[in-house]
Amino acid sequence: MFLDIIFLIAGLVLILAGANYMTDGSAALAKRFGMSDFLIGLTIVAMMTSAPELVVSVTSALNASSEMAIGNIVGSNIFNILVIIGITALIRPIAVTRGVLINEIPLVILSSVALLVMGCAPYLDGGPMVLTRVDGIILLLFFIVFMRHTFASAKSAPSNDPVASSASGFKPTPLWKAILITLGGLAGLVLGGQWFVEGASGLARAIGWSEGLIGLTILAAGTSLPELATSIVSATKGFSGIALGNVIGSNIFNIFFVLGCTATVTPLSFGGISIPDLSVLLLASILFWVFGWFYRLRTITRPEGAILVILYIAYMTYLYLNLPA
């Protein structure tokens with residue numbers, strides 16, 4: 001068990017360091033093409049900070065731990081909305097444009113609905129609760145549509161829209177250095193992901209937790225730390241567009257791309273990931289949208305941020321109270 005903890009911690013350190021370097025390098029590359037803060041957050045930063053989820057989920061699936069792969073994504077997306085948006089709003093209320101509420105956040109809800117529907121297969125057609133290769137391909141098609149829509153929206157957005165306004169949060173970096181930093185971060189992610197999954201799997205067996213529960217809690221929080229760090233730093237520096245885009249993009253990327261790729265490689269059994277877990281994710285996504293519209297027009301306020309964090313604590317309490325005896 002001690003060795004499993006060492007692998008878990010060492011893997012997490014490599015994952016966080018790798019994600020940090022990949023984020024810096026890819027954001028520097030994106031700025032050279034004149035991308036906005038929000039668009040960088042929605043695409044490049046979101047993808048890079050979601051790289052730990054991709055590495056952990058694919059590694060878990062290849063190691064026949066599909067339950068951990070799905071639990072990691074579901075738990076990470078719940079953590080992203082309830083904890084990251086919640087804490088970021090507590091630091092500084094998050095302004096949300098009308099366009100984001102109409103175009104981007106509904107895609108977060110759509111991704112949650114798609115996963116819930118795919119998880120309800122036993123109730124819809126009597127089949128097993130499995131993400132099939134066909135499901136994976138469908139999710140990847142959703143991701144292609146999302147990326148096409150995002151860049152088309154950025155091109156047509158007015159100059160004063162945060163989707164189109166020029167990036168300001170990153171220092172210029174030489175091209176060769178940006179590429180080198182990105183590749184180094186990728187290497188750290190791959191190795192860290194392998195160690196992290198080995199440690200988490202061994203720890204789950206040692207303490208009697210299911211791999212799904214480990215994925216929903218330890219893996220989810222661990223692999224979401226890059227998003228948390230990026231969003232908090234962005235909020236404190238006044239770049240709320242990056243923080244908001246980071247969470248929106250990460251959640252869409254996690255389900256449509258990460259689970260899409262993973263399920264296409266090998267079918268994924270939901271195992272201990274239940275309909276209530278998927279429903280919590282959908283509820284969190286809907287609250288994200290609702291809080292942006294109401295109370296104070298198009299702003300996620302500090303009280304709303306506090307509500308999101310409290311809901312996450314309540315969900316963790318529910319999981320703890322339902323641990324197998």
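Heavy atoms only: backbone and side chains are in, while hydrogens, waters and symmetry mates are out.
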| task | Starting at CD1 of Ile105, measure out to OG1 of Thr97 and round the result to the nearest 0.5 Å. | result | 8.5 Å
| said: Is any side-chain heavy atom of Tyr123 closer than 4.5 Å to one of Ile275? | reply: yes
| Just how far is it from atom CG of Leu259 to atom CZ of Phe143, taken to the nearest 0.5 Å? | 12.5 Å
| message | If the condition is side chain to side chain contact (heavy atoms under 4.5 Å, CB included), which residues does Val83 pass it with, not counting sequence neighbours? | response | Phe79, Ile87, Tyr312
| field | Sidechain-backbone polar pair: Glu67 side chain, Gly272 backbone, donor-acceptor under 3.5 Å | value | yes
| said: Do Cys261 and Leu140 have side chains that approach each other closer than 4.5 Å (heavy atoms only, starting at C-beta)? | reply: yes
Show the atom names and distances, to 0.1 Å, of all donor-acceptor pairs under 3.5 Å that link a side chain in residues 106-117 to residues at least two apart or in another chain.
residue	atom	partner	partner atom	Å
Ser111	OG	Val108	O	2.6
Ser112	OG	Val108	O	3.2
Ser112	OG	Ser285	OG	2.8

| For the residue pair Gly136 and Ala263, what are the closest heavy atoms and their distance? | CA-CB, 3.8 Å
| task | Heavy atoms only: give me the nearest Met129-Ile273 pair and the separation to one decimal. | result | CE-O, 3.3 Å
| remark: The reported gap from CD1 in Ile307 to CG in Leu287 (rounded to nearest 0.5 angstrom) is 8.5 Å
| query | Is the distance between the ring centroids of Phe146 and Phe256 less than 6.0 Å? | reply | no
| said: With heavy-atom distances below 4.5 Å as the criterion, would you say the side chains of Met118 and Val130 are in contact? | reply: no
| query | Any donor and acceptor pair, going by atom type alone, linking the side chain of Asp135 with main-chain N or O of Thr132 inside 3.5 Å? | reply | yes
| task | Can you sort out the partners of Leu321 under side chain to side chain contact (heavy atoms under 4.5 Å, CB included), two or more places apart, ordered by chain and number? | result | Thr317
| query | Got Thr262 and Leu131 here, is their nearest side-chain heavy-atom distance under 4.5 Å? | reply | no
| Heavy-atom closest contact (Arg302 atom, Leu90 atom, distance) | NE-O, 2.9 Å
Donor-acceptor contacts under 3.5 Å from residues 10-18 side chains, at least two apart:
none

| message | Surrounding CZ of Arg98 (heavy atoms of other residues, nucleotides or ligands, distance under 6.0 Å), is the total greater than 12? | response | no
| query | Is there a donor-acceptor pair closer than 3.5 Å between any side-chain N or O of Asn322 and the backbone N or O of Tyr318? | reply | yes
| side chain to side chain contact (heavy atoms under 4.5 Å, CB included) partner of Ile84, the single match among Val247, Leu308, Asn251 | Val247
| Donor-acceptor contact below 3.5 Å, side chain Arg298 vs main chain Gly292 | no
| Partner set under side chain to side chain donor-acceptor pair (under 3.5 Å) for Tyr315, not counting sequence neighbours | Asp277
| Does Thr264 offer a backbone N or O that forms a donor-acceptor pair with the side chain of Arg133 under 3.5 Å? | yes
| task | Can you sort out the partners of Ala89 under side chain to side chain contact (heavy atoms under 4.5 Å, CB included), two or more places apart, ordered by chain and number? | result | Ile94, Ile300
| task | Using the rule that two of Ile, Leu, Val, Met, Phe, Trp, Tyr join whenever any of their side-chain heavy atoms come within less than 4.5 Å, decide whether Leu141 and Ile255 are in one cluster. | result | no
| query | Heavy atoms, side chains only, cut-off 4.5 Å: are Val96 and Leu244 in contact? | reply | yes
